[in-house]
Amino acid sequence: MVNYQSMPESEKIRHLKKHADSAARFIKQHSHVCLVTHNDSDGLTSAAIMIQALRREGITYYHKIFPKLDASVVFSLASSFPEDFLIIFCDIGSGQSEYLSELPNPMVILDHHVPVGKTPAKVVVNPMNVGLEGSYMISGAGVTYLTARAMRDENVDLSSLAVAGIIGDRQLMVAANADILAQAKEAGVVVSRRGLKVGDGNLFDVFMRTTEPYLDITGKPDDIRSFLSALELNENKNIHDLNDDEMKRLCNAVLKKLEPLNSPDAVEAAVGDIYYLKNQLVENVFDLAGILDGCSKDDDFEAAIALCLGDASVIDKCFENYRTVQETLVTNLASVLPTAQSLSNISYIYGKDLHSAGSISTTYIRYVNPSKPFVCLNENDGITRISSRGTRGLIKNGLDLSVAVKAAAESVGGTGGGHNIASGGLLPPGKEVAEAFMLRLNEIVGIQLEKKSTGSKTGSGNSSGKVCPAVHMTGTICFIDETDDEKSDRTSEKLVTSLAPDNIYGTETIICDGYAEISMKSDKIGSLLATADDLLMNADGAVRVKKASQDDGKTEDQNET
């Protein structure tokens with residue numbers, strides 16, 4: 001049994017790369033692919049990475065972009081593509097097993113979100129399956145890059161796009177992300193400099209339109225000029241051209257403004273390494289991530305993908321759109337943030353037709369009040385969209401927004417999920433529904449944080465003790481090809497494939513080079529043990545049958561001789 005949690009980080013990354021190797025081999029076996037990606041900056045960079053990898057293999061592809069996977073999307077895919085088309089899901093697909101099981105096509109999932117249910121995919125590459133946290137250790141673009149790199153070494157140049165996806169997903173340069181960054185620097189496609197983590201432009205414009213960091217001077221011309229004048233910095237100078245001393249003065253002044261918040265997340269988001277992508281049309285990674293985010297909000301996916309694929313004709317359009325989005329966001333934040341309300345465990349905003357609920361949530365918890373999880377509820381088009389954010393400090397104290405938002409949304413007829421630190425979902429429209437959701441979410445979050453601080457199994461204020469889905473017990477059975485004959489025969493793969501019909505809900509099969517695994521989850525120890533026992537018994541039977549057939553073959557050969 002493989003216990004990923006006890007492994008050092010380097011071993012977890014090695015196992016993730018082995019999964020990527022398996023995905024790469026499987027993809028290269030197909031001549032026609034339907035590529036399905038998420039519509040945010042991480043999903044768009046994932047798309048650009050895989051498109052270039054497929055082109056280099058001479059594989060025909062069709063690309064589809066969706067904000068979410070549901071029954072209508074699956075129906076569209078099933079009716080549009082023959083059954084022999086391989087469908088590759090990038091930055092999406094881990095939490096939609098019930099829908100994907102309706103597809104007859106072979107599937108590969110390259111994702112970093114929390115897996116839910118028994119996946120129908122032939123191969124899954126997901127950090128969560130090897131003990132790595134998908135919310136900050138590797139993004140969807142990172143997972144896609146590892147797979148592309150496994151397809152051929154020259155795809156190392158695509159690591160610059162993976163770095164853009166990591167930044168666009170607001171992740172940390174740790175674990176697998178740090179490994180990808182090291183590859184990018186070694187290949188010469190990324191260089192870095194310490195400074196204020198913003199896009200390029202003259203200093204005045206940067207502080208007029210930048211929301212990372214969001215300061216008390218943001219969007220205020222007179223305050224910006226006073227701030228820069230006190231630092232003896234020319235407002236018309238491009239931030240990229242600041243010398244080291246000037247950059248240091250600027251960063252120290254920004255950090256001083258952030259000091260009262262006592263928010264490590266805000267400090268980390270504001271000051272640190274700026275990455276320059278030397279083989280991309282837009283070099284500053286924060287500019288590229290912002291452009292892709294803007295294209296996503298305006299559904300201008302073609303321009304976003306074209307930019308990442310090197311089409312210089314879309315640069316002016318993309319930058320214009322980016323500036324418009326940022327200016328609109330600054331104006332919107334100034335009017336919306338003061339309307340925030342607070343419950344005992346959560347802060348929130350409820351609005352209609354708000355611009356960029358995700359950015360509102362991120363800005364509020366980083367630069368306004370990081371002490372409580374924050375939720376932005378945005379009602380439009382007949383539904384209410386949920387965008388929630390936490391901090392790493394709150395996560396350490398027990399917060400899990402993926403679980404909390406899912407449970408609270410389902411309690412009022414909605415859906416939800418995502419990461420422990422950032423989660424989203426959909427609710428039926430109406431303020432009454434939103435209020436009921438918030439009350440339930442406030443209760444669940446309170447119990448999560450109380451359980452961490454007190455160690456109690458249930459929180460006060462809920463007589464049933466049923467707060468959210470139970471924490472699952474997990475187990476993994478690993479079948480290893482120990483001999484050269486077994487490796488060439490791919491015995492482990494054949495074995496777990498033959499056992500697939502026995503898998504219970506929450507069971508996943510992972511096929512790698514030289515071994516294959518069956519991971520099980522259950523909220524009952526009896527179910528987990530019974531399933532493991534059945535699988536091992538059936539595996540033993542399969543091995544005996546195979547051995548018997550091999551012995552029969554030898555006997556027949558001997559008789560003929």
Side-chain angles (χ1 to χ4, degrees), residues 67-73 95-96 98-99 114 116 297 329 332-365 368-390 394 398-451 458-470:
K68 61 186 178 70
L69 283 179
D70 56 21
S72 64
V73 170
Q96 297 83 22
E98 59 180 306
Y99 297 124
V114 178
V116 178
K297 289 179 176 61
L329 180 58
N332 195 46
L333 287 172
S335 61
V336 170
L337 292 181
T339 69
Q341 304 175 63
S342 186
L343 298 175
S344 56
N345 302 304
I346 262 182
S347 300
Y348 73 99
I349 285 174
Y350 172 79
K352 294 187 177 182
D353 300 320
L354 299 176
H355 179 80
S356 186
S359 296
I360 291 171
S361 294
T362 298
T363 302
Y364 190 93
I365 198 161
V368 180
N369 181 10
S371 66
K372 295 179 181 180
F374 181 80
V375 180
C376 182
L377 299 174
N378 185 23
E379 184 178 337
N380 61 17
D381 297 331
I383 56 174
T384 298
R385 290 178 169 80
I386 308 164
S387 178
S388 68
R389 297 290 186 272
L394 290 169
L399 178 69
D400 189 335
L401 287 173
S402 175
V403 171
V405 169
K406 182 177 188 297
E410 290 177 351
S411 73
V412 295
T415 60
H419 297 299
N420 55 8
I421 200 169
S423 191
L426 301 173
L427 301 176
K431 193 168 184 179
E432 297 80 6
V433 175
E435 289 175 347
F437 164 78
M438 285 307 308
L439 289 173
R440 182 65 178 136
L441 183 64
N442 184 65
E443 178 185 17
I444 294 171
V445 168
I447 293 174
Q448 285 182 339
L449 298 176
E450 181 182 351
K451 284 171 66 178
T458 61
S460 58
N462 187 341
S463 58
S464 70
K466 294 182 179 179
V467 179
C468 49

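This one's a predicted model, so the numbers in the text were calculated from it and none came from an experiment. Positions are given from 1, in the same order as the sequence printed here.
- Contact annotation: the side chain of L354 approaches that of I349 to within less than 4.5 Å [non-hydrogen atoms, C-beta and beyond].
- Atom CD of E432 sits about 15.5 Å away from atom CZ of F437, to the nearest 0.5 Å.
- In this structure, OG1 on T415 lies 10.0 Å from CD on Q96, to the nearest 0.5 angstrom.
- T384 and N378 form no side-chain donor-acceptor contact under 3.5 Å, judged by distance and modelled atom types alone.
- Counting heavy atoms from C-beta on, the side chains of L337 and I360 come closer than 4.5 Å.
- Within the model, atoms CD of E450 and CG of N345 stand 9.0 Å from one another, a figure rounded to the nearest 0.5 Å.
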Exercise for review: Begin from the C-alpha positions of K372 and S342 and carry the test side chain to side chain contact (heavy atoms under 4.5 Å, CB included) through to its verdict.
Suggested key: CA-CA 9 Å; K372 295 179 181 180; S342 186; 2.7 Å; yes
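- A distance of 10.0 Å separates OG in S423 from CG in L399, rounded to the nearest 0.5 Å.
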Practice item. Go through R385 and L377 one step at a time and tell me if the side chain to side chain contact (heavy atoms under 4.5 Å, CB included) criterion holds. Key: CA-CA 6 Å; R385 290 178 169 80; L377 299 174; over 6 Å; no
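- Without hydrogens or angle criteria, Q341 side chain to S347 main chain gives no donor-acceptor distance under 3.5 Å.
- Using modelled atom types and a 3.5 Å distance limit, the side chains of E379 and Y350 yield a donor-acceptor pair.
- We find the CG-CD distance between L343 and E443 to be 12.0 Å, quoted to the nearest 0.5 Å.
- Side-chain contact of R389 with T362: a donor-acceptor pair under 3.5 Å is present, judged by distance alone.
- The closest side-chain heavy-atom distance from L427 to I386 is below 4.5 Å.
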**Study point:** Stepwise side chain to side chain contact (heavy atoms under 4.5 Å, CB included) test for V73 and D70
**Key:** CA-CA 5 Å; V73 170; D70 56 21; 3.4 Å; yes
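- Contact of the I346 side chain with the F374 side chain is not registered, since no non-hydrogen atoms from C-beta on lie closer than 4.5 Å.
- Counting only distance, with no hydrogens or angles, the side chain of S388 and the backbone of G424 share no donor-acceptor pair below 3.5 Å.
- Proximity of Q448 to D400: side-chain heavy atoms (C-beta onward) are separated by under 4.5 Å at one or more points.
- Scanning both residues, P373 and V445, for their nearest heavy atoms gives CG-CG1, 4.0 Å.
- Scanning all heavy atoms of the two residues, the minimum distance from I444 to A407 falls at CD1-CB, 3.8 Å.
- Judged as a side-chain hydrogen bond (donor to acceptor under 3.5 Å, both in side chains), and not counting sequence neighbours, the contacts of S359 are S356.
- Considering OG of S344 and CG of L449, their distance stands at 10.0 Å, rounded to 0.5 Å.
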Practice item. Could you go through the side chain to side chain contact (heavy atoms under 4.5 Å, CB included) check for V405 and S402 one step at a time? Key: CA-CA 6 Å; V405 169; S402 175; over 6 Å; no
